[in-house]
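A short write-up of the structure that comes next.
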There are 2 protein chains.
Amino acid sequence: MSLILPQKTAPSCRDAEATKSRILDAAEEEFAKNGLRGARTEAIAANTGVTKAMMYYYFSDKEGLYQAVLERAVRRRVSAMQKVDIDGEAKTALRDLISALIDEASHNQNLPAIFMYEGLQNQGRFYAQISITSVYAPIVQVLERGIETGQFRKVDPLHTAINMVGICVHYFCSAPNIKHLFPPGTDLYGPEMLEQHKKEAVELAVASVLLR
Amino acid sequence: MSLILPQKTAPSCRDAEATKSRILDAAEEEFAKNGLRGARTEAIAANTGVTKAMMYYYFSDKEGLYQAVLERAVRRRVSAMQKVDIDGEAKTALRDLISALIDEASHNQNLPAIFMYEGLQNQGRFYAQISITSVYAPIVQVLERGIETGQFRKVDPLHTAINMVGICVHYFCSAPNIKHLFPPGTDLYGPEMLEQHKKEAVELAVASVLLR
DNA sequence: GTCTATACGAGGATAGAC
DNA sequence: GTCTATCCTCGTATAGAC
């Protein structure tokens, strides 16, 4: 019984793109957990299946890797927001935008943490180059239209958009803190809880602007 | 002109309590910027006026210092929330709670970051011992009462309380990110901006639950 | 393209004088 | 109680073989 055991994750089969994306995945995980400063290149490599040296081969240094992770993350979130049709009724469009944001965070749970860290720890340095506008812009537009058409209260669209994003992401970013508020054993990332978070968030967002 | 120059911050005058609290202040600042892992004991000492050795004299290690900072931070936030009179009309009580939370974050801008980091980076490990319940409990109570008395929609009180805290703190935690959304040079911590954030947040929170 | 081995600086922690 | 000097691990990054 002396079979040759496979490598813990995947064979090193000289596929550049595959390797790069494996590194990006592991790095995203680590940066989401610990931020740029707290992340350990060692830990990234360990979860990658390839060695630390490869990281430096493809991404020149830790910061380069971080930036690549961030760029991919922004691309994903922007694309999730832009898939939403915002040209219909303002109320529906708002509901769909909030849903999309939460669905996307539920699907890729690293993103909220990645963005939060970028602000907290990195002072939004890379955001300056990347332009986060495209994430907030659709919400702002829908709010503006809702106000014009008389469906929504006269809120400040930008502040309100920021507050709505706050509703969506705080649940994810604070999950380890707020889990103590729920019955022991509750899984905040379980399907029922995610569904309820989405429901409550969507209803709260819509109710908060809809004219009575 | 060979005057003896004063120490950069304060004299080392053998006052234990004063020294401890100076260390705590500097540590809070550093932990708020970088989190437990990212924080540098060197940096804390540098802003303290006393040496690194003193840190280890009073707080056994980096983790001990972190825990002390967190405990003080929780005490402050809980006390800010408990000062609010929540026994009057539900709508007023809710408005006052949200105001208090934002005022407190405006006053001590490290707290939102400290709590966010505790969840993101430290998996809420210290929260388990400290009990964060007292921060959310007043909001939950007020929401429950508002629902009972028929003033508020039938929301889930806990989820909604979490979402409302999200509204309050996201502005602060994401400040370096979202500042790119405002005209260049806007100071998100300036009095006008803070006032507007409070106004928008309070109105949004109240409108989101008030029955039409 | 991928690996092993290692250089080197940063940073947490302590010893011991005053 | 406070300081200076130092230890030593950990973690980023590179050299060089395959």
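Order of the sequence lines fixes the chain letters, A, B, ..., with proteins taken first and strands second; residue numbering starts at 1 for each chain.
In this model, the phosphate group of D:dG11 is not approached by any side-chain N or O of A:Thr41 to a distance below 4.0 Å at OP1 or OP2. For C:dT2, the OP1/OP2 oxygens have a side-chain nitrogen or oxygen of A:Tyr58 closer than 4.0 Å. Under 4.0 angstrom from either OP1 or OP2 of C:dT14 there lies no side-chain N or O belonging to B:Tyr56. An OP1 or OP2 oxygen of D:dC10 is reached within less than 4.0 angstrom by no side-chain nitrogen or oxygen of A:Arg40. Dashed line: the shortest gap from a side-chain N or O of B:Thr19 to OP1 or OP2 of D:dT2 is under 4.0 Å.
Computed from coordinates, the A:Glu42 CD to D:dA13 P distance equals 13 Å when rounded to whole Å. Distance CZ (A:Arg14) to P (C:dG1): 8 Å, rounded to an integer number of Å. Rounded to an integer number of Å, the gap from CD of A:Glu30 to C1' of D:dT12 is 14 Å. Distance, A:Met55 CE to C:dC3 C1': 15 Å, rounded to whole Å. Nucleotide D:dG11 holds its P atom 9 Å from the NZ atom of A:Lys52, rounded to whole Å. Following rounding to the nearest Å, A:Lys20 (NZ) and C:dT2 (P) show an atom-to-atom distance of 12 Å. Rounded to an integer number of Å, the gap from CG of A:Asp61 to C1' of D:dA13 is 9 Å. At whole-Å resolution of the value, CG in B:Asn34 and P in C:dG11 are 10 Å apart.
Nearer to the 5' terminus of DNA chain C, by closest-nucleotide assignment, is the contact made by A:Thr51 (compared with the other of A:Arg37 and A:Thr51). Nucleotides of DNA chain D nearest to A:Glu63 and B:Ala16 differ in position, and the one nearer the 5' end is that of B:Ala16.
When distances are taken from the side chain of B:Met54 to each of D:dT2, C:dA13, D:dA13, the shortest belongs to D:dT2. The side chain of B:Lys62 sits closest to C:dA13 out of C:dG1, C:dA13, D:dT12.
Using a 4.5 Å heavy-atom threshold, the side chains of B:Tyr136 and B:Met81 count as separate. When side chains are defined from C-beta on, B:Tyr117 does not count as touching B:Asn122, because their heavy atoms never get closer than 4.5 Å.
For the pair B:Glu203 and B:Arg95, the salt-bridge criterion is not met [side-chain N within less than 4.0 Å of a carboxylate O]. Using a cutoff of 4.0 Å between basic side-chain nitrogens and carboxylate oxygens, B:Arg145 and B:Asp87 are not scored as salt-bridged.
Among the protein residues, A:Ala39 comes within range of the sugar-phosphate backbone only, with heavy atoms under 4.0 Å from sugar or phosphate atoms but none that close to a base.
For the salt bridge (Lys or Arg N to Asp or Glu O under 4.0 Å) criterion with B:Glu28, the lone passing option out of B:Arg22, B:Arg76, B:Lys33 is B:Arg76.
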